[in-house]
2 protein chains.
Amino acid sequence: MVELEAPQLDAVFHALGDATRRRMLRRLAEGERTVGELAEPFDMSLAAASKHIKALERAGLVRRRIAGRTHYCALEARPLAGAHDWIGFYEQFWTSRLDILEGLLRREDSQKTKGDGDE
Amino acid sequence: MVELEAPQLDAVFHALGDATRRRMLRRLAEGERTVGELAEPFDMSLAAASKHIKALERAGLVRRRIAGRTHYCALEARPLAGAHDWIGFYEQFWTSRLDILEGLLRREDSQKTKGDGDE
DNA sequence: TTCTAATTCAACCATACGGTTGAGATAAAA
DNA sequence: TTTTATCTCAACCGTATGGTTGAATTAGAA
């Protein structure tokens, strides 16, 4: 169990909400890459790619090592564990054919308990 | 394996990137809720909460059943499976103490294969 | 029919996002 | 030293986001 704080979850999920950044992470899974290498596959300016990388850093998903004029980026996967756990809670609602029954039961239930003021 | 399309992943992760919407999903895990019930815990207008719910619908995470003037929202967890899988790929990078070794190996590796033009 | 309740819609606002360009900063190469 | 390469920074732009308010829509309740 990792239980990230809400603001960190915000940053992680926000970072993942962009295909460019997701592709960058996939690339980093193969190993360290420079900013230039990370930017190369994309049809955008270096500055734009640099901003994406900063979003990943803000989320704690990338750590940067500066060597001279070159910045090496490495995957930092740990915060993903928290996001994974958060989503994992819902696995019960999509796994197996029980989910159909579950769904039906929850629907019934909400009819009976509608407006019971629970939090 | 679920493999959501990029645009759906965008929408799902974007939807999850907001604490208000995450809390709404947690609430919906207990059962169906009306728009009003979903909005109630939050210090914002109904209209604002309504927009959040629409973001969840766009991501396919909520389905709505209209009965008279009341809109009932229900959790639709399936798209979360795709997001869960996507993140799950990185589990190898955070699980167990192997991750430290892995990280070291990948760093070495990237020194040797730097600029090999892989995609 | 008239009142009230549950929601959305439309217009608006401030701020964030994702992109651009051009100008630094810094370090390696000539 | 001068040139070139790697990146960030700053300013700007259009569009999206997250919020507001007030009016419109629709349907139970009196």
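- A residue-by-residue look at A:R58 and B:E57 shows that B:E57 has its nearest nucleotide of DNA chain C further toward the 5' end.
- Both B:G17 and A:G36 lie near DNA chain D, and the one whose nearest nucleotide falls closer to the 5' end is A:G36.
- Rounded to an integer number of Å, the gap from B:R21 CZ to D:dT17 P is 9 Å.
- With B:R65 contributing its side chain and B:A74 its backbone, the two residues share no donor-acceptor pair below 3.5 Å.
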Atom pairs under 3.5 Å, N or O on each side, protein against nucleotides 24-30 of chain D: can you list them with distances?
from: D:dA27; atom 1: N3; to: B:R69; atom 2: NH1; distance (Å): 3.4

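- Not one side-chain nitrogen or oxygen of A:K51 sits closer than 4.0 Å to the OP1 or OP2 atom of C:dT20.
- Closest contact between the side chain of A:S45 and the listed nucleotides D:dT20, C:dT21, C:dG19 involves C:dT21.
- Counting non-hydrogen atoms under 4.0 angstrom, B:A55 reaches nothing in the nucleic acid.
- Using cut-offs of 30° and 60° for the angle between ring planes, the A:H84 and B:H84 rings count as parallel.
- Within the nucleic acid shown, A:T70 comes within 4.0 Å of sugar-phosphate atoms alone, with no base atom in reach, counting heavy atoms only.
- Remark: the backbone N or O of B:L38 is not paired with any side-chain donor or acceptor of B:R33 at under 3.5 angstrom.
- Between D:dC9 and A:K54, a contact under 4.0 Å exists linking OP1 or OP2 to a side-chain N or O.
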